[in-house]
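Since this is a predicted model, take the numbers as computed values, not measurements.
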Amino acid sequence: MRKLRFISRIRTKFALAYFLVIAIVLALMNTYFLMASRDMIFASKQMFVEGQAQFIASHLEETFDTLLSVDDEDLVSWVMSQLDVAGVTYVVIADTEGNVIYDPDERSQKPGFPAEQIERSIEGFDVFHRRFYDGTFFISAFTPVMSRGAVIGAVYVHDEDSEQGAVLIDMQDTLRNISIMVVIFSVAAIALIIWSLMRRVKLIIEAIKSVREGHYSYRIEISGNDELALLGDEFNSLTGRLHETEELRRRFVADASHELKTPLASIRLLSDSILQNEDIERETVKEFVSDIGLEAERLARTTGKLITLTRLDSQIRDEYTCVDMRQAIESTLRMLRPLAENSGLTLTVELGDDCFVFGTDDAIHTIIYNIVENAIKYNKPDGSVAVRLKAEDEAVVFTVDDRGVGIPDEDLPHIFDRFYRVDKARSREAGGSGLGLAIVNDTVRELDGKISVSNRVGGGISLQVRFRKCNDKT
């Protein structure tokens, strides 16, 4: 048996697939949701800061020239205070030359002042800049101040929000902690699942090894209601069938050997008697040779039936045609009437019309011959056999009733088994091999028909075969 590499084991593949799914989910949770939250905050901040910048610019359109001519910082501060700009960190106003005319926090004097963005705004463009750094949102909006279609200045509004940044950082930490807990739980869960799964898989593997070595009675018990439990049940059912088949095979071989050995032993005994007795009479020799011929015929019949069963087991099907069941019965009964008359039996026949079935001539003849012959052989000297045939909507029903000795109820389920005899001594006396009804049963199943047998009130049995009706008689 080939050894499994670690990477090719099913538990490794299952674990890798499970962890891959977990990794993808955690990656999305720690990146996508954080990025989506950050972008949502940025969008909200951008809308607010840009709105404040445009609000200031729109209110400075008419007073901007006055503020520039007066050049009074207190006046500019008073005007800005009247606008009541709230919710931003600071505001800077510049003229078209880039000179700052309002900067209460003196941001223009500090490094990193965005002079280039102000110049872009003076050129008539709205500029927006955002950044998240060290747990703080930095939002900047640059808007030109317009008057009669011309740019007369620029407004720079800046906002820094560490509170929203702290919320985002807390969310990030929370997600990280959740991810760690998910990983720990996932490792424990997958270990438990794989252990449970592989324990049951090993049970199945060990069971298969045992059956491979010939232990067909081996059974496994897998708890649960999942697919593996169902597989275990199916395995037990399969091994049960294998065990039954093996028992049938052994019995078949034993019975077949016995059936073939008996006539061969008789032939050998008779031939040895002839060869070892030099003074044997001619009449005795003729009697022995006749007996040898009878045993040879019996051997040939048994061999032929075994060949028929082998063909049925191999499921080699001939092409089916519509067979006239009535004609087949009449033809077969012509051969069996002398046997019934010699046995002192009454043979009655009731045949309906329009009784065509799917099958072959040989298969139908085999069914009819074996059933009627059994009814004649295993009957009372003053008994009777009734053969009936009728057509129904979708089936053709063939029934044979006899007034014979019948079959014990405990033997009824086994009469279609190979080499099964109800009365072995009487069967051998009648020349039976125990294969006739087995051949009938297998042939009927091959034709998709159904066969049933029951004891009749007053003695005898009733055997019925339902064939699939053939409506196309061409």
Side-chain angles (χ1 to χ4, degrees), residues 305 308-309 312 320 322-337 339-340 343 345-380 383-418 420-423 427 432 434-471:
K305 291 180 178 180
T308 300
L309 288 172
L312 293 172
Y320 291 166
C322 283
V323 179
D324 189 344
M325 191 75 180
R326 174 170 182 154
Q327 182 178 345
I329 292 175
E330 291 174 346
S331 175
T332 305
L333 291 183
R334 280 196 294 269
M335 301 170 58
L336 292 174
R337 282 187 186 279
L339 179 62
S343 301
L345 301 179
T346 302
L347 185 63
T348 59
V349 182
E350 297 178 12
L351 304 179
D353 296 324
D354 193 25
C355 296
F356 292 85
V357 300
F358 280 105
T360 64
D361 291 332
D362 291 340
I364 298 300
H365 171 77
T366 298
I367 294 171
I368 299 170
Y369 187 91
N370 280 282
I371 292 177
V372 178
E373 184 190 35
N374 267 18
I376 294 173
K377 282 184 177 181
Y378 306 111
N379 212 313
K380 297 177 181 179
S384 63
V385 176
V387 179
R388 294 192 295 274
L389 180 70
K390 65 177 181 178
E392 296 181 353
D393 293 337
E394 299 295 333
V396 173
V397 182
F398 170 59
T399 306
V400 176
D401 296 334
D402 67 66
R403 291 288 182 179
V405 295
I407 299 175
D409 292 337
E410 62 271 15
D411 290 319
L412 274 178
H414 306 288
I415 66 168
F416 297 118
D417 295 347
R418 299 176 183 184
Y420 188 84
R421 300 184 185 88
V422 176
D423 186 344
S427 297
L435 295 175
L437 289 182
I439 292 175
V440 169
N441 183 52
D442 291 351
T443 306
V444 169
R445 287 192 302 176
E446 186 185 49
L447 299 179
D448 298 327
K450 294 182 180 180
I451 186 170
S452 60
V453 62
S454 61
N455 281 314
R456 301 178 70 249
V457 178
I461 65 170
S462 175
L463 200 150
Q464 185 180 90
V465 182
R466 297 180 68 87
F467 295 95
R468 188 159 54 99
K469 190 175 183 180
C470 177
N471 295 316

Donor-acceptor list for residues 397-406 side chains, cut-off 3.5 Å, not counting sequence neighbours:
residue, atom, partner, partner atom, Å
D401, OD1, S462, OG, 2.6
D401, OD2, R388, NH1, 3.1
D401, OD2, R388, NH2, 2.4
D402, OD1, G404, N, 2.9
D402, OD1, I461, N, 3.3

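One distance of note links CD1 of I451 with CZ of F467; it measures 8.0 Å at 0.5 Å rounding. Rounded to the nearest 0.5 angstrom, T443 OG1 and L437 CG are separated by 11.0 Å. To the nearest 0.5 Å, atom CD1 of residue I371 and atom CG of residue L336 are 11.5 Å apart.
With a 4.5 Å cut-off on side-chain heavy atoms, N374 and L463 do not count as touching.
Applying the side-chain hydrogen bond (donor to acceptor under 3.5 Å, both in side chains) test to Q327 and every residue at least two apart in sequence or in another chain returns nothing. Partners of D361 by side-chain hydrogen bond (donor to acceptor under 3.5 Å, both in side chains), not counting sequence neighbours: none found. With sequence neighbours excluded, no residue satisfies salt bridge (Lys or Arg N to Asp or Glu O under 4.0 Å) with R337. With sequence neighbours excluded, the residues satisfying side-chain contact (heavy atoms from CB on, under 4.5 Å) with S452 are Q464. For D393, there are no salt bridge (Lys or Arg N to Asp or Glu O under 4.0 Å) partners at least two apart in sequence or on another chain.
Closest heavy-atom contact between M325 and L389: CG-CD1, 3.6 Å. Contact record, S343 with I376: OG-CG2, 4.2 Å, taken as the closest heavy-atom pair. When all heavy atoms of R466 and A395 are compared, the pair lying nearest together is NH2-CB, 3.8 Å. K450 approaches V444 most closely through the heavy-atom pair N-CG1, 3.6 Å. Considering all non-hydrogen atoms of both residues, G352 and C355 come closest at O-SG, 3.6 Å. Residues G359 and L447 come closest through the heavy atom pair CA-CD2, 3.7 Å.
Checking each of I368, I364, D324 against I329 for a side-chain contact (heavy atoms from CB on, under 4.5 Å) leaves exactly one that passes, namely I368.
The pair R326-E330 counts as a salt bridge, with a side-chain nitrogen and a carboxylate oxygen less than 4.0 angstrom apart.
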